[in-house]
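Let me begin by presenting the structure, written as structure tokens, before commenting on it.
Basis for what follows: all heavy atoms, side chains included, without hydrogens, waters or symmetry-related copies.
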Amino acid sequence: MPFTATIDAERFVLNGQCFREAVPPERLYSVLGLPDRIEATSQPAPIGHRNNQIHLYDDLGLYLIEHHFTFLVEGIVFVLWREEAAFRPKAEIEGELRVGDIVLSPGIAESDMGESNLPFVSQLRGSWHFKTDDMWVGFDSKGERNSTGRRSQRRRVVSVAVCLKHDPWDARFRQEPVG
């Protein structure tokens with residue numbers, strides 16, 4: 001079942017539910033269903049600690065980032081170019097992703113993001129973001145590789161990330177793991 005997501009300067013809405021701060025994974029499971037798989041990031045954490053957990057939705061082309069300490073989902077990443085994504089669901093986004101007043105689809109160029117009414121600013125080449133009191137929204141882009149391995153000047157959007165308000169040192173965000 002495809003998703004609908006809207007990101008604007010005031011809110012993030014996923015399948016009709018508005019999210020303003022980090023939430024337990026079960027809250028997003030009720031909106032998206034159960035993930036296809038959950039992976040830990042990078043190298044194993046030291047004894048007594050745990051890595052962030054990545055909840056991958058292979059058919060939807062997105063993943064959730066669960067914080068290692070609070071066990072809350074603090075980020076949702078929509079993958080538009082699977083081969084270049086940090087974590088790879090089996091497919092690119094399957095649904096409607098509206099960022100400002102444009103609808104994104106796999107293959108969209110970085111230059112097309114300029115048509116959005118959101119005030120994205122460049123952080124580094126290929127890394128753009130904007131933030132509000134409740135969220136940080138960013139997207140990454142890269143040039144396609146040509147036959148020599150060099151990247152072209154035309155850049156494609158790799159992924160769009162929504163990071164929700166979350167202070168891991170705030171006791172009200174502290175949750176115990178489920179299961």
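The OG atom of Ser159 lies 11.5 Å from the CG atom of Leu62; values are rounded to the nearest 0.5 Å. Taking CD from Glu84 and OG from Ser141, the interatomic distance works out to 10.5 Å, rounded to the nearest 0.5 Å. Rounded to the nearest 0.5 Å, atoms SG (Cys163) and NZ (Lys131) are 12.0 Å apart. If you take OG on Ser111 and CZ on Arg156, they are separated by 12.5 Å, rounding to the nearest 0.5 Å. Rounding to the nearest 0.5 Å places CE of Met135 at 11.5 Å from NZ of Lys165. Atoms CG and OG1, on Leu118 and Thr132 in that order, are 10.0 Å from each other to the nearest 0.5 Å.
Between Leu104 and Ile102, the closest side-chain pair of non-hydrogen atoms falls below 4.5 Å. Using a 4.5 Å heavy-atom cutoff, the side chains of Ser152 and Asn146 are not in contact. Here the side chains of Val103 and Glu96 are in contact, with some heavy-atom distance below 4.5 Å. Side-chain atoms of Arg98 and Ile7, non-hydrogen and from C-beta on, never get closer than 4.5 Å to each other. Looking at Glu110 and Phe139, their side chains come closer than 4.5 Å, going by heavy atoms from C-beta outward. Proximity of Ile54 to Ile65: side-chain heavy atoms (C-beta onward) are separated by under 4.5 Å at one or more points. Side-chain contact between Asp36 and Leu56 is absent, with no heavy-atom pair separated by less than 4.5 Å. Counting only heavy atoms from C-beta outward, the side chains of Met113 and Trp128 never approach each other to under 4.5 Å.
Looking at every heavy atom in both residues, Asn15 comes nearest to Val31 through ND2-O, 3.1 Å. Leu28 and Leu14 get closest at one heavy-atom pair: CD2-CD2, 3.8 Å. The minimum heavy-atom distance linking Phe78 with Ala5 is given by the pair CZ-CB, 3.8 Å. The two residues Glu74 and Asn52 make their nearest non-hydrogen contact at OE2-ND2, 4.3 Å. The two residues Ile93 and Pro106 have their closest heavy-atom pair at CG1-CD, 4.0 Å. Residues Val157 and Leu80 share a closest heavy-atom pair of O-CB, 3.6 Å.
If you chain together hydrophobic residues whose side chains sit under 4.5 Å apart, Val158 and Val77 never meet in one group. Cluster membership for Phe19 and Val162, using ILVMFWY side-chain heavy atoms within less than 4.5 angstrom, is shared. When hydrophobic clusters are built by joining Ile, Leu, Val, Met, Phe, Trp and Tyr residues whose side-chain heavy atoms come closer than 4.5 Å, directly or via intermediates, Val23 is grouped together with Ile76. There is no path of hydrophobic side-chain contacts, each under 4.5 Å, that joins Leu72 to Tyr63. Leu32 and Phe12 fall within the same hydrophobic cluster, defined by Ile, Leu, Val, Met, Phe, Trp and Tyr side-chain heavy atoms under 4.5 Å apart, directly or through other members.
Ser116 contributes a side-chain N or O that, together with a main-chain N or O of Val99, makes up a donor-acceptor pair within less than 3.5 Å. The closest donor-acceptor contact from the side chain of Arg82 to the backbone of Pro89 lies under 3.5 Å.
Ring orientation note: the planes of Phe130 and Phe120 are nearly perpendicular, at an angle over 60° on the 30°/60° scale. Taking the six-membered ring where tryptophan is involved, the planes of His67 and His166 are perpendicular, since the angle between them exceeds 60° and thus also 30°. Classification of the His55-Tyr29 ring pair by plane angle, with boundaries at 30° and 60°, yields tilted.
Atom CG of Asp133 is surrounded by 12 or fewer heavy atoms from other residues, nucleotides or ligands within 6.0 Å. The 12-atom threshold is exceeded at CD of Glu39, counting heavy atoms of other residues, nucleotides or ligands nearer than 6.0 Å.
Checked against a 6.0 Å centroid threshold, the rings of Phe3 and Tyr57 do not count as neighbours.
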I would like to know whether Glu83 and Arg145 meet salt bridge (Lys or Arg N to Asp or Glu O under 4.0 Å); could you show each step before the answer? CA-CA 11 Å; Glu83 293 78 21; Arg145 292 197 183 272; over 6 Å; no
Derivation of the side-chain contact (heavy atoms from CB on, under 4.5 Å) call for Arg37 and Asp58: CA-CA 8 Å; Arg37 56 197 161 103; Asp58 286 321; 2.8 Å; yes
